[in-house]
Amino acid sequence: MIHNTSTTFGRWSVKLFRFVFLSAIAILSVVGEISCSSKDSDFDSLFAKSREFVKSSQYAEALPFAEQAFTIAMREFGWRNESTLNVAHNLGLILSEVGPFDRAESLLVATAGYDSLVFGPQSGALALTFFNLAGAYNKQEKFSRAIEYYERVLSLRSGSKHATLAMSNRFLADIYTEMGWPKKGLEYADRAFELESKLLSKMSPDRTVNLLIAAEALAQIGDYRTADTLLQYAGRIGEAYWGKKSNFFALWYLAKGGRYSAMGSFDSASTCYHSARDLIKSLGVDAPRRTAQAFVGLAETESKLGNPNSALAYCDS
């Protein structure tokens with residue numbers, strides 16, 4: 001846990017330098033653990049196709065293949081079978097991205113119950129289902145339920161070096177920071193970084209998002225110096241991996257805007273929020289939550305700058 005700002009700067013700096021120089025990072029697919037086996041060749045082909053689309057985040061394209069594979073699995077095996085549970089988990093993950101959410105929730109909850117029976121109540125399969133169920137709740141901004149299931153993942157993965165352990169801590173850091181509990185957010189961000197430092201050879205550079213979360217939390221508690229340092233590091237890493245015209249920099253501008261807003265530099269905050277909004281629009285990214293954050297930030301800064309009409313217009317947007 002980070003207890004005070006004098007120790008915060010040193011601890012995060014050491015972790016950041018390790019992160020920057022250990023750059024041999026491979027992409028990890030969390031759902032890569034899933035595999036299926038069936039006598040039905042159509043089932044195997046359908047499941048394989050859906051998984052390929054999931055790996056490239058093409059969830060809408062994956063959906064029809066996953067639906068057909070699940071139908072075959074239920075007909076051939078029933079619920080209490082490893083293949084059925086794996087394909088059900090995959091389908092639940094896809095539905096949590098494309099909807100409907102209610103079906104994703106019911107499918108993942110059912111999968112979790114059978115995971116416990118088939119694989120055991122302490123199994124990695126159950127932890128993975130809880131992780132994706134937490135993610136589904138997080139996307140719906142049902143934060144109390146998301147926290148509940150991320151904490152279950154932490155309990156099941158305790159003592160391991162599994163990616164979902166680090167990622168659950170990072171998502172909890174983001175949730176608590178967004179809820180206005182920055183000290184709690186920093187606790188989880190710190191834990192995430194400790195775990196990620198041991199997993200760098202297996203982790204994607206998108207873990208740089210953890211720096212943005214920590215920077216937002218630090219800005220909320222008034223440690224602008226350290227927040228700015230984290231943002232500078234994150235910006236350098238993000239530019240090296242993705243370039244400035246990337247989704248990462250939409251998040252970076254939002255975090256930077258929050259930092260300026262917290263310290264009362266509303267003109268600079270407004271510039272950052274405009275940059276975030278424009279970048280999201282130019283990329284064609286379907287990010288309603290982040291777009292809303294940009295508009296809320298613009299509304300707040302315009303209000304602080306004494307422009308109530310502009311503030312109201314951004315509120316309407």
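Looking only at side-chain heavy atoms (C-beta outward), I72 and V87 stay at 4.5 Å or farther from each other. No side-chain heavy atom of L218 sits less than 4.5 Å from a side-chain heavy atom of P182. For the pair T208 and L212, the minimum side-chain heavy-atom distance is 4.5 Å or more. At a threshold of 4.5 Å between non-hydrogen side-chain atoms, the residues F193 and L211 count as touching. No side-chain heavy atom of Y260 sits less than 4.5 Å from a side-chain heavy atom of T271. Residues E97 and K139 are in side-chain contact: their nearest non-hydrogen atoms beyond the backbone lie under 4.5 Å apart.
When the side chains of ILVMFWY residues are joined at heavy-atom separations under 4.5 Å, either directly or via intervening members, M263 and L254 end up in two distinct hydrophobic clusters.
Note that CG of D174 is 9.0 Å distant from OH of Y150, once rounded to the nearest 0.5 Å. Separation of atoms CD1 (I147) and OH (Y137) is listed at 13.5 Å; rounding is to 0.5 Å. The distance from the CH2 atom of W242 to the CG atom of N247 is 9.5 Å, given to the nearest 0.5 Å. Note that OH of Y253 and CZ of F248 are 11.0 Å apart. Values are rounded to the nearest 0.5 Å. For the atom pair L133 CG and L93 CG, the distance stands at 11.5 Å (nearest 0.5 Å). Separating the OG atom in S45 from the CD atom in Q68 is a distance of 9.5 Å, to the nearest 0.5 Å.
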**Request:** List the steps, then state whether side chain to side chain contact (heavy atoms under 4.5 Å, CB included) holds for H162 with L195.
**Result:** CA-CA 9 Å; H162 195 272; L195 289 161; over 6 Å; no
**Message:** R191 vs E194, test: salt bridge (Lys or Arg N to Asp or Glu O under 4.0 Å). Steps then yes/no.
**Reply:** CA-CA 5 Å; R191 293 174 195 171; E194 291 291 344; over 6 Å; no
**Request:** Determine, step by step, whether S275 and D278 satisfy the side chain to side chain contact (heavy atoms under 4.5 Å, CB included) criterion, reporting the C-alpha distance in whole Å, the side-chain angles of both residues, the deciding distance to 0.1 Å, and the verdict.
**Result:** CA-CA 5 Å; S275 296; D278 294 345; 5.9 Å; no
**Request:** Might you work through the side chain to side chain contact (heavy atoms under 4.5 Å, CB included) test for Q140 and R145, ending with a clear yes or no?
**Result:** CA-CA 10 Å; Q140 295 292 312; R145 299 304 305 275; over 6 Å; no
**Prompt:** What's the verdict on side chain to side chain contact (heavy atoms under 4.5 Å, CB included) for E239 and I237, showing C-alpha distance, side-chain angles and the deciding distance?
**Reply:** CA-CA 6 Å; E239 185 175 3; I237 298 167; over 6 Å; no
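Residues A276 and A250 come closest through the heavy atom pair CB-O, 3.7 Å. Nearest heavy-atom pair, V153 versus L165, reported as atom, atom and distance to 0.1 Å: O-CD1, 4.5 Å. Nearest approach of S261 to A269, heavy atoms of both residues: N-CB, 3.7 Å. Pairing each heavy atom of A66 with each of L91, the nearest pair is CB-CD1, 3.9 Å. For the pair Y224 and A219, the tightest heavy-atom approach, listed with the atom from each and the gap, is CE2-O, 3.5 Å. A pairwise comparison of heavy atoms in L108 and H89 identifies CD2-O, 4.1 Å as the closest pair.
Taking the charged nitrogens against the carboxylate oxygens, K49 and E61 have no contact shorter than 4.0 Å, which rules out a salt bridge. For E148 and R152, the salt-bridge test passes: some basic side-chain N is under 4.0 Å from an acidic carboxylate O.
Between Y188 and Y176, the ring planes are parallel. Angles under 30° get that label, and only those over 60° would be called perpendicular. In this structure, W252 and F249 have tilted ring planes: the angle between them lies in the 30° to 60° band. Note on ring orientation: taking the six-membered ring where Trp is involved, the planes of Y114 and W79 are parallel (angle under 30°, cut-offs 30° and 60°). Taking the six-membered ring where tryptophan is involved, the planes of F131 and F171 are tilted, since the angle between them lies from 30° to 60°.
Distance alone, capped at 3.5 Å, is enough to place a donor-acceptor pair between the T111 side chain and the L107 backbone. In this structure, S155 contributes its side chain and E151 its backbone to no donor-acceptor pair below 3.5 Å. With hydrogens and angles ignored, the 3.5 Å screen pairs a side-chain donor or acceptor of N210 with a backbone N or O of A189. Between the Q220 side chain and the T177 main chain, a donor and an acceptor come within less than 3.5 Å of each other. Remark: the backbone N or O of R80 is not paired with any side-chain donor or acceptor of T84 at under 3.5 angstrom. Between the side chain of N86 and the main chain of E82, a donor-acceptor pair closer than 3.5 Å is present. Remark: side-chain polar atoms of S106 are paired, donor with acceptor, to backbone N or O of R103 under 3.5 angstrom. Between the side chain of S116 and the backbone N or O of A112 there is no donor-acceptor pair closer than 3.5 Å.
The salt bridge (charged side-chain N to carboxylate O under 4.0 Å, His left out) analysis of residues 119-136, with sequence neighbours excluded, yields no pairs.
Between N90 and S50, the side chains place a donor N or O and an acceptor N or O closer than 3.5 Å (distance only, hydrogens not considered).
The residue from F65, F53, Y59 that alone fulfils the side chain to side chain contact (heavy atoms under 4.5 Å, CB included) condition with I94 is Y59.
More than 12 non-hydrogen atoms from other residues, nucleotides or ligands lie less than 6.0 angstrom from NZ of K142.
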